[in-house]
Amino acid sequence: LFRSKGEGRGPVARRFERARLLKSCPRFNSDEERARAEVLVDATLLDRGIAKELRALLLHGIGVHHAGILPRYKQLVESLALARLVKVVLSTETIAAGINLPAKRVVFPELRKFINKEARLLTSAEFHQMAGRAGRPQFDKEGIAIALAPEEVVQEIRKETTQAKKRGQSVDAGLIKKGAYARARATAKAKGDVTWDKDAHERLVRGEPAALGSRTRITAGQILAIGLPDLKQAPGSAGGQPVYMDPNIRTVIDHLLLPERDKRDAHRQVDLITDNLLAIGVIDEHGQQTAGDVVRELVGVDGLFVYHVLRERDLEYARARELCELLVDHDVVQRVLNRDEREKRRAWILARLRELRRENSLVSFEDVEAEYEREFPPVLSEMETIHREFAGKLPHPELHGGKVQKRIWAAMEEDSLGFMDFVERHQLDREEGSLFGYLSRVQKVARMISEASKMAVFEDVANRVRDCLALVDARVV
């Protein structure tokens, strides 16, 4: 049973809510299957956090598989499902990509997904990827994928049908259904949401596979690794030599299997990154690298910013830890920790908005939001302050934006909290997997910087995080 990542309000809570509803059904496994499952479950689950609730579901034959649960629990669900000891799995779409977990049937409660809180319908490729899990080799002759109608539409159709029968009127099911879907579309449009109907489902079923497309993304590390042409030399003045005689980022882009428009965009990206490399002093006027070897060795993080920090500051442990947490692009847990602060902010804005509208009805939420930012400017961490200084030196700072300071590993160390202690203090039992994933990324970033810079302080950060995670999942070691 698939539910899209990021759907609506509290996606993790919604998945467990649906699992609890399923648990009200008769048990899905026999006594013998329950006994076999119990051995595996008790050998894997911890004695704290979400384990108690998850155990009850698993022994009922229901599995939950998403980023909010620990990797060891996801592996347990996969093992139980393959052994046919779990009969229903509630999952995000990621289980359909790369995990060998076929099912007799696949159910879509919704045909929409949310990307950065923006709703859209599934693409045909996404639908077929998930629907393709239906049908188990050696067990089934066919696979069945079931798409449910929007819940609000079903409820409205039932309500109108019941009311018509009570009034003694003839029931025109087709007319009632048509009206319910029309109102659902209008409501969704007004809310910036989307809905679906039979026609939308049929379009997904008939849809063509998505075309293959390159996801090539030009980075500073790539440019330094491949090399630039002489910046003082006019373009095209190399005498038409074969590519292997003049390999550089420009010739590589020219020979990629990309549409011309995408090639032009890639060349523009090279121009912007080159300007920044020049501004920080990593390359000279000819495009030759003169400093910043660390930049080319850092993959998936902002290497140019890391080089700037290492050059401008002496880093002891706390600073190194703060840098790693700033660089990690995973703020799910931090947003949960900041929820009280967000609620206080929103309450202040709404109270102030009501006050100002007594005198001027045209005052907007955005106006008061701007006033709040002036009254209570955010307090920047040291690394955020350094990043702001760094951005001020760049001709194209927009290439290095989007960084948000997190203080999760720092808080755990400062308060001497283990993994499950932190989960319980901040009520993160539904986000244990997200916390584990975040700390794994902190460890990876610290290890990467350590290997690139040869600085022991980052190795220390990586080892401390690893030791914490190893108590939760020994496979980390």
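Residues: numbered from 1 along the sequence shown.
Remark: side-chain polar atoms of Y73 are paired, donor with acceptor, to backbone N or O of L46 under 3.5 angstrom. For the pair E431 (side chain) and L428 (backbone), a donor-acceptor distance under 3.5 Å is absent. A donor-acceptor pair under 3.5 Å is absent between the side-chain atoms of D275 and the main chain of L272, judged by distance alone. Counting only distance, with no hydrogens or angles, the side chain of R120 and the backbone of V194 share no donor-acceptor pair below 3.5 Å. Panel note: side chain H128, backbone L204; a donor-acceptor pair is recorded below 3.5 Å. Side chain of R72 to backbone of L45: no donor-acceptor contact under 3.5 angstrom is found. A donor-acceptor pair is defined here as one N or O able to donate and one able to accept, closer than 3.5 Å; such a pair exists between the side chain of E126 and the backbone of T123.
At a threshold of 4.0 Å, the pair K177-E160 does not count as salt-bridged, since none of the basic side-chain nitrogens sits closer than that to a carboxylate oxygen. Using a 4.0 Å cut-off between charged nitrogen and carboxylate oxygen, E459 and K454 do not count as a salt-bridge pair. Ionic pairing of R346 and E343 is not present here: no N-O contact between side-chain nitrogen and carboxylate oxygen is shorter than 4.0 angstrom. Between R430 and E53 there is a salt bridge, since at least one side-chain N of the basic residue sits less than 4.0 Å from a carboxylate O of the acidic one. Salt bridge D271/R250: present, at least one basic N to carboxylate O contact under 4.0 Å. A salt bridge is defined here as a Lys NZ or Arg NE, NH1 or NH2 lying under 4.0 Å from an Asp or Glu carboxylate O, and R203 with D199 fails to meet this definition. Ion pair D230/K232 not flagged as a salt bridge, since none of the NZ, NE, NH1 or NH2 atoms sits closer than 4.0 Å to an Asp/Glu carboxylate oxygen. Salt-bridge check for R352 with E355: passed, with a basic side-chain N closer than 4.0 Å to an acidic carboxylate O. Under 4.0 Å is where a charged nitrogen must lie from a carboxylate oxygen, and between R407 and E322 no such pair does. At a threshold of 4.0 Å, the pair E432-R48 does not count as salt-bridged, since none of the basic side-chain nitrogens sits closer than that to a carboxylate oxygen. Residues R185 and D197 are paired through a salt bridge, judged by an N-O separation under 4.0 Å between the basic side chain and the carboxylate. Residues R112 and D193 are paired through a salt bridge, judged by an N-O separation under 4.0 Å between the basic side chain and the carboxylate.
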Full working for ring-ring contact (aromatic ring centres under 6.0 Å, His included) between H201 and F108 | CA-CA 11 Å; H201 174 248; F108 293 86; 8.1 Å; no

Can you list the steps and then say if K403 with D302 is a salt bridge (Lys or Arg N to Asp or Glu O under 4.0 Å)?
-> CA-CA 10 Å; K403 293 177 179 58; D302 191 341; 2.8 Å; yes

Go through R374 and E371 one step at a time and tell me if the salt bridge (Lys or Arg N to Asp or Glu O under 4.0 Å) criterion holds.
-> CA-CA 5 Å; R374 291 192 298 270; E371 181 182 345; 5.0 Å; no

Could you go step by step and tell me if K113 and E118 meet the salt bridge (Lys or Arg N to Asp or Glu O under 4.0 Å) rule?
-> CA-CA 8 Å; K113 67 184 297 183; E118 293 290 328; over 6 Å; no

For side-chain contact (heavy atoms from CB on, under 4.5 Å), just list the numbers for V64 and K74, CA-CA rounded to whole Å, side-chain angles, deciding distance to a tenth of an Å, and then say yes or no.
-> CA-CA 8 Å; V64 180; K74 288 191 284 188; over 6 Å; no

Decide yes or no on salt bridge (Lys or Arg N to Asp or Glu O under 4.0 Å) for R425 and D415, but give the supporting numbers first.
-> CA-CA 11 Å; R425 172 175 290 190; D415 294 340; 3.1 Å; yes

So M412 and D421, side-chain contact (heavy atoms from CB on, under 4.5 Å) or not? Walk me through it.
-> CA-CA 9 Å; M412 292 176 69; D421 298 324; over 6 Å; no

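Two residues are said to be in side-chain contact when any heavy atoms from C-beta on lie closer than 4.5 Å; E316 and V457 fail this criterion. Between R339 and R335 there is no side-chain heavy-atom pair separated by less than 4.5 Å. Proximity of L327 to V442: side-chain heavy atoms (C-beta onward) are nowhere separated by under 4.5 Å. Side-chain contact between E78 and V89 is absent, with no heavy-atom pair separated by less than 4.5 Å. The shortest side-chain heavy-atom distance between P378 and E384 does not fall under the 4.5 Å cut-off. Side-chain contact between V404 and D329 is absent, with no heavy atoms from C-beta onward closer than 4.5 Å. Contact check for H286 versus L231: no side-chain heavy atoms found under the 4.5 Å cut-off. Between R313 and L315 there is a side-chain heavy-atom pair separated by less than 4.5 Å.
Aromatic rings of W409 and Y438 (six-membered ring for Trp) have centroids beyond the 6.0 Å cut-off, not under it. Ring-centre distance between F305 and H400: not below the 6.0 Å cut-off.
A 6.0 Å sphere centred on CZ of R342 holds more than 12 heavy atoms belonging to other residues, nucleotides or ligands. Atom CD of E359 has 12 or fewer neighbouring heavy atoms from other residues, nucleotides or ligands inside a 6.0 Å radius. Around atom CZ of R158, no more than 12 heavy atoms belonging to other residues, nucleotides or ligands sit under 6.0 Å away.
Looking at E156, Q163, Q155 one by one, the single match for side-chain contact (heavy atoms from CB on, under 4.5 Å) with K159 turns out to be Q163.
Between the side chains of Q443 and R464, no donor-acceptor pair of N or O atoms lies under 3.5 Å. Looking only at atom types and distance, the side chain of N338 has a donor-acceptor partner in the side chain of Q334 under 3.5 Å away.
Going from atom CD1 of I249 over to atom CD of Q269 covers 10.5 Å, rounded to the nearest 0.5 Å. To the nearest 0.5 Å, atom OG1 of residue T385 and atom CD of residue E382 are 7.5 Å apart. The CE atom of M448 sits 10.0 Å away from atom SG of C324, with the distance rounded to the nearest 0.5 Å. Interatomic distance, CD of E451 versus CG of L298, reported as 10.0 Å (0.5 Å rounding). Separation of atoms CG (D284) and OG1 (T290) is listed at 5.5 Å; rounding is to 0.5 Å.
Partners of A391 according to the side-chain contact (heavy atoms from CB on, under 4.5 Å) rule, which considers only residues two or more places apart in sequence or in another chain, are P397.
Considering every non-hydrogen atom in both W196 and P150, the closest pair reads O-CG, 3.4 Å.
The aromatic rings of F419 and F436 sit perpendicular, their planes meeting at an angle over 60°, well past the 30° parallel limit.
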